[in-house]
Amino acid sequence: MQEFVKATSQAGASSHLATAGQRESQTRVINRAKELLADGTVARVLGWKAGDLPYNPEPAYFEKEEDFADFVYNGFCGANLSKYMIEASKLEGKTLVCLKPCDTYSFQELMKEHRVDRDKAYIIGVGCKGKLDIEKIKAMGIKGIQSISGAELEDEAETLTIQTIYGEKTCAYKDAMLERCHVCKGKDHMIFDEIIGESKETKDADRFTEVEKIEAMSPEEKFAFFQKELSKCIRCNACRNVCPACSCRKCVFDSNKFDSAQKANVDSFEEKMFHIIRAFHVAGRCTDCGECSRVCPQGIPLHLFNRKFIKDIDELYGEYQAGADLEPRTPLTDYRFEDAEPGIVAERG
Amino acid sequence: MKTEKNRAELIKEISGVNPLKCMKCGKCSASCPSYNEMDIKPHQFVSYVINEDIESLVNSKSLWKCLSCFACVERCPRDVKPGKLIDAARQIVVRERDNTYLSPDEVPELLDPETPQQLLVSAFRRYRR
Amino acid sequence: MQRIGVFVCHCGTNIAATVDVKKVVEMAQHEPGVVHAEDYAYMCSEAGQELIHKAIKEKKLTGLVVCSCSPRMHETTFRNAAEKAGLNPYMVEIANIREHCSWIHKDIGEATEKAVILMRAAIAKVNLDAPLKPGESKVTKRALVIGGGIAGIQTALDIAEAGYPVDIVEKTPSIGGRMSQLDKTFPTLDCSSCILTPKMGEVNAHPLINIYTYSEVESVAGFVGDFTVEIRKKARSVDMDKCTGCGLCQEKCPSKKSLSEFNRGLSTRSAIYTPFAQAVPNVPVIDREACIKFKTGKCGICSKVCQAGAIDYDQTDEIVTEKYGAIVVATGFDMIKLDKYDEYAYSQSKDVITSLELERIMNAAGPTGGHLERLSDGKDPKEIVFIQCVGSRCADDRGKSYCSKICCMYTAKHAMLIRDKYPDTNVTVFYIDVRTPGKNFDEFYRRAVEDYGVNYIKGQVGKVIPQPNGKLLVQGADLLDSKQILKEADMVVLAAAIEPNPDVRKIATMLTASIDTNNFLTEAHAKLRPVESPTAGIFLSGVCQGPKDIPETVSQAGAAAVKAIGLLAKDKLLTNPCTAHSDELMCNGCSQCANVCPYGAITYEDREVNDHGIRERRRIAVVNDALCQGCGACTVTCPSGAMDLQGFSNRQILAEVDAICR
Amino acid sequence: MSIEKNEEFRPKIVAFCCNWCSYAGADLAGSSRMSYSADVKIIRVPCSCRVNPMFILRAFERGADGVIMCGCHPGDCHYTSGNFYARRRMTLLFSMLDYIGVESGRTRVEWVSAAEGAKFSQTMHEFVDKITSLGKNVRLEDLRCRNL
């Protein structure tokens with residue numbers, strides 16, 4: 001918390017108003033949450049609490065007034081809280097959940113799949129102006145971070161000011177944004193009870209550019225690329241655990257239904273095919289929230305798998321955005337007589 | 001290479017028509033305002049293309065009697081559209097004449113700007129021989 | 001671990017000439033679970049089956065692998081043999097070493113190697129086989145027929161004659177359908193209503209048939225043998241029990257300007273009406289949109305004149321819920337709309353009519369009292385042109401891709417009738433092909449040409465141009481004579497394509513019956529099961545399945561009835577045990593599987609589960625065994641693998657893959 | 001000739017065939033004695049929609065060099081719509097395999113009716129030739145190489 005106060009006070013004069021606005025927006029969420037807790041509308045609040053470092057807030061429940069001392073909402077609150085609502089839906093009473101615009105797609109997709117209970121959720125659509133990627137900041141050579149200001153000044157903030165043990169560093173907010181925010185789906189919340197704070201569309205790139213780059217490679221180059229990336233995987237399951245679409249009660253890789261949980265297969269089949277199968281299982285349901293890539297400790301660009309499927313679906317079966325509506329059929333549970341034949345893959349070359 | 005087979009293929013390609021879809025109903029000939037002027041009737045055009053007898057087609061009177069009114073194109077129930085085949089056969093004639101026709105740069109000088117465009121286009125279609 | 005017996009068939013020399021069967025037997029001994037292996041000249045013979053029987057008993061086998069011909073050939077034989085010896089029939093797997101091996105390979109080494117691999121795959125599968133038992137479901141001994149035309153009438157009569165109660169649901173106020181609108185029928189020229197009305201009366205009087213007219217199917221739930229159907233009885237505003245059918249109300253009704261549906265809009269009717277004189281039931285309905293009482297509240301004349309006191313303005317729609325074992329769809333057809341065919345001037349001239357309109361004009365009970373006349377000026381037409389294939393055999397979106405099948409014959413009939421009744425009227429038919437396959441059909445067409453002098457011209461008409469003098473200029477081409485024809489006609493009759501009743505799509509969705517892009521219901525097999533829908537318990541009668549004339553419709557109606565009777569005659573249905581099942585501990589309840597199920601076999605229920613000590617209510621997919629046909633679409637859609645298919649489980653197929661790639 | 005082939009490279013090919021059309025088509029190829037390579041091994045499934053992408057990946061992982069799936073022609077599915085779902089699934093899976101650098105010729109879908117014995121045999125011929133020309137499938141086996 002202390003860093004926060006410091007950070008805001010260090011903000012430049014030009015962004016002072018914005019600072020107030022933003023700080024107010026965090027305060028407004030807190031105040032509104034306390035209000036709803038007090039009047040019994042909700043039994044708990046699902047938000048983010050400050051972590052041990054200035055850039056790692058983590059999802060948390062807040063049930064009592066005093067819990068809110070740790071409540072934060074800033075540029076590092078990338079975590080998509082919709083998946084937590086699966087468990088929260090089983091609890092007594094309503095849960096207030098803070099969802100960013102892109103998180104609401106996941107929430108709707110989970111609603112469609114009957115995994116979350118709309119009646120058990122009170123959704124505060126929180127404003128979002130792009131979330132930050134600490135790995136990008138570190139990659140700029142900024143090490144020994146003590147505090148970061150500008151992360152919470154999302155209205156007009158264009159610069160992050162970072163206090164490190166080596167002195168003060170700055171970087172453009174934009175340059176530190178998560179990849180997914182550069183291909184933002186839009187600033188509108190798909191579902192909410194109320195909205196607090198403003199959102200900004202941060203899209204400045206085409207989301208299929210990277211996929212196209214790979215598609216253009218020769219088979220050898222493609223293989224070399226994926227072999228290099230996938231070989232980094234330590235099978236920690238972080239991608240699977242964070243993914244709102246990977247919400248199976250029991251993952252196929254943990255069950256005996258496919259022989260895939262047997263020891264011999266863990267070493268070979270799962271080892272090799274995990275990411276392809278995972279991407280296939282979420283194809284047509286993945287909202288492209290980008291959490292898989294964000295949490296991967298090895299920095300594997302896992303979203304490239306999902307996005308390849310999204311691109312194919314868009315091109316072959318018509319534009320589709322998972323979670324944009326509550327229509328029960330997804331591209332893989334639907335068909336048209338005149339759909340492309342699988343041979344199109346070879347024809348496209 | 002100018003074989004009859006190639007020319008027939010070219011006609012299909014230019015027109016985008018699959019002549020095999022024809023069920024020989026004759027609605028094209030029934031619709032044609034130039035029918036009596038033609039030696040090869042519109043519905044026969046289709047079988048000439050199927051039989052790859054393009055030489056007869058390009059030498060026929062019909063080729064230049066067609067008004068390109070497209071009544072047959074409009075009414076054909078099988079999507080065969082003889083008018084398009086005729087148009088493609090004309091294209092063949094033009095393409096095979098190599099460089100003996102006007103260059104596009106010469107055209108503007110010869111044109112009266114008052115002439116309606118539609119008239120020009122149909123005139124080009126008919127008289128480009 | 002299973003105790004598996006492997007039996008390798010020589011099939012005379014069919015297998016043994018190319019596959020070293022002894023080697024296959026030897027290799028089988030090394031496979032896990034195999035406790036017995038032998039070969040024999042003909043495994044399918046009595047003696048071969050006896051070997052199987054003996055081995056099952058002596059070696060206490062729990063699974064069988066038969067290396068022989070295709071399972072499509074003898075799987076049932078070997079399953080039955082196993083069952084006789086006390087083994088579950090689903091513990092038998094076939095390795096197809098004939099069609100897929102010995103018959104297509106020449107090299108013995110190569111064929112033997114492949115036969116061994118195919119055997120291994122079968123052994124791997126049987127190792128994971130589980131005994132399966134077909135389920136049972138009850139049969140409600142009552143049938144529903146949707147549609148009250150000749151198809152529905154015939155089906156209902158045939159089912160009822162077999163002793164099963166039948167309900168007919170008909171959308172319009174009377175049964176009778178298209179056939180009741182026809183004048184004469186080809187190829188014998190019987191009067192249509194003379195042969196139809198006795199059947200309508202029979203249906204009405206039959207103690208086992210119940211007719212719901214002016215009613216529609218509202219919803220369908222359940223499955224073969226046990227459908228629950230909601231039927232909406234639309235408010236008739238007339239009490240069916242009290243009405244005597246005297247017709248006084250229709251006579252006195254002051255609102256007489258509504259277009260008669262029965263006469264295809266060529267005449268008018270009153271707001272309270274029966275569609276035609278022989279209507280069954282002979283009870284009128286009030287068209288509430290035309291009725292003055294309903295529009296203004298003032299009138300009520302019908303109520304005043306009705307001596308039976310049958311008029312009931314307060315009647316409301318009523319929903320009846322009924323259970324059925326079988327459902328027959330007989331929704332029939334209509335003519336396509338001709339608004340996209342401007343070239344034939346249908347909407348510009350009253351004298352350009354469709355064949356069905358001509359049918360009404362020729363009918364003694366029709367708008368002109370049976371006198372053939374121009375609708376524009378009432379004059380006798382002297383020159384009539386028929387145009388065939390209007391909207392049939394069309395590749396574009398204006399018409400239909402199929403041949404409507406009945407037009408060639410009814411046009412010959414029309415031409416003949418006109419020439420017979422009005423010998424000084426010329427009749428010209430422009431045709432593309434004349435199609436007359438059917439008993440006495442071509443003879444009938446030839447009579448039109450030879451005995452009645454109907455002028456047939458090969459060539460589709462290009463355009464019909466109404467002239468200022470009231471005539472119609474028909475521009476056509478005679479392709480055989482290579483000349484273009486301009487003909488002045490007094491009347492032009494268009495043989496418009498027929499299309500399935502548009503409501504059938506809604507009904508197909510309710511029934512989960514499959515339907516093609518032309519809105520024809522799909523049959524289970526184009527040749528061998530033409531009157532059954534792929535959805536069990538749904539049968540097809542009449543034009544809803546494809547274009548048909550009356551004799552064909554009646555035969556198909558009978559066939560559909562027999563299929564329905566065959567179902568109703570059973571007390572219990574045995575269901576295919578190779579069905580999908582969901583593991584309640586793994587199911588997410590995400591509804592993805594229900595999306596792809598072609599049979600609507602998957603529903604969801606909130607169930608209390610005990611997941612390793614955690615008790616909670618979960619949404620779980622439940623497969624109805626009676627509905628599931630075992631395609632497996634759901635199993636692949638299920639990301640967690642909770643949904644699996646018995647007899648073709650994930651583990652079994654993976655085991656086969658492993659065995660083959662070993 | 002087959003011996004020569006044997007010394008060189010014999011591909012392992014798995015064919016998934018639906019029970020109603022393609023398996024029957026393969027039977028017809030057999031009863032019409034239309035030969036094709038013994039390298040093809042057929043697995044019977046009720047419908048092409050029963051083929052889980054995991055089966056295909058498993059086959060590759062276990063050393064298959066090519067996987068082909070056959071089903072009823074679109075619109076002719078015994079279960080009315082199964083092959084439509086299968087078609088989308090396979091299109092996406094094949095596209096993904098192509099994307100990670102597995103040669104697209106190693107996977108194929110062909111619709112074979114019960115009457116198309118000749119087509120079945122012809123298709124298998126072509127597929128075996130294609131796989132033989134591609135050689136051993138090493139990519140999927142080496143997709144994750146820990147020592148890199």
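Lettering of chains follows the sequences in order, A, B, ..., and the numbering in each one begins at 1. Scope of the values below: all heavy atoms of this structure, side chains included, with no hydrogens, waters or symmetry mates.
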A.B. asks: Just checking, is any N or O donor in the side chain of H78(D) or Q629(C) under 3.5 Å from an acceptor N or O on the other one?
C.D. replies: no
A.B. asks: Using the salt bridge (Lys or Arg N to Asp or Glu O under 4.0 Å) rule, pick out the option among R10(D), K41(D), K136(D) that qualifies with D65(D).
C.D. replies: K136(D)
A.B. asks: Can you say whether Y36(D) sits under 4.5 Å from chain C via the side chain, the backbone, both, or neither, judging by heavy atoms?
C.D. replies: both
A.B. asks: Can you say whether A121(C) sits under 4.5 Å from chain D via the side chain, the backbone, both, or neither, judging by heavy atoms?
C.D. replies: neither
A.B. asks: Of the backbone (N, CA, C, O) and the side chain (C-beta and beyond), which part of T637(C) lies under 4.5 Å from a heavy atom of chain D, both, or neither?
C.D. replies: both
A.B. asks: What part of V67(D) lies closer than 4.5 angstrom to a heavy atom of chain C: side chain, backbone, both or neither?
C.D. replies: neither
A.B. asks: By a 4.5 Å heavy-atom criterion (distance strictly below it), what part of V45(D) contacts chain C: side chain, backbone, both, or neither?
C.D. replies: both
A.B. asks: When you compare the side chain of Q646(C) with that of Y90(C), does any pair of heavy atoms fall below 4.5 Å?
C.D. replies: no
A.B. asks: Using a distance-only test with no angle check, is there a side-chain donor-acceptor pair under 3.5 angstrom linking N96(C) and Y23(D)?
C.D. replies: yes
A.B. asks: What part of N595(C) lies closer than 4.5 angstrom to a heavy atom of chain D: side chain, backbone, both or neither?
C.D. replies: backbone
A.B. asks: Does any backbone or side-chain atom of F84(D) lie under 4.5 Å from a heavy atom of chain C? Answer side chain, backbone, both or neither.
C.D. replies: neither
A.B. asks: Select one option (side chain, backbone, both, neither) describing which atoms of T635(C) are under 4.5 Å from chain D's heavy atoms.
C.D. replies: both
A.B. asks: Relative to chain D, which of M73(C), R98(C), H100(C) shows the most heavy atom pairs under 4.5 Å?
C.D. replies: H100(C)
A.B. asks: Check this for me, if you would: do R662(C) and E31(C) make a salt bridge, where the nitrogen-to-carboxylate-oxygen distance has to be below 4.0 angstrom?
C.D. replies: yes
A.B. asks: Below 4.5 Å from any heavy atom of chain C, which atoms of A24(D) appear? Answer side chain, backbone, both or neither.
C.D. replies: both
A.B. asks: Go through the steps for F78(C) and S68(C) under the test side-chain contact (heavy atoms from CB on, under 4.5 Å), then give the verdict.
C.D. replies: CA-CA 10 Å; F78(C) 295 123; S68(C) 60; 3.8 Å; yes
A.B. asks: Let me know if R89(D) has heavy atoms under 4.5 Å from chain C in its side chain, its backbone, both or neither.
C.D. replies: side chain
A.B. asks: Do T575(C) and D625(C) get their side chains close enough for a donor-acceptor pair, meaning under 3.5 Å?
C.D. replies: no
A.B. asks: Of all of S35(D), C47(D), A38(D), which one pairs up most often with chain C through heavy atoms under 4.5 Å apart?
C.D. replies: A38(D)
A.B. asks: Among side-chain atoms of W103(C) and N14(C), is any donor-acceptor pair under 3.5 angstrom?
C.D. replies: yes
A.B. asks: Among side-chain atoms of Q122(D) and E126(D), is any donor-acceptor pair under 3.5 angstrom?
C.D. replies: yes
A.B. asks: Is N650(C) in contact with chain D via its backbone, its side chain, both, or neither, using a 4.5 Å heavy-atom distance?
C.D. replies: both
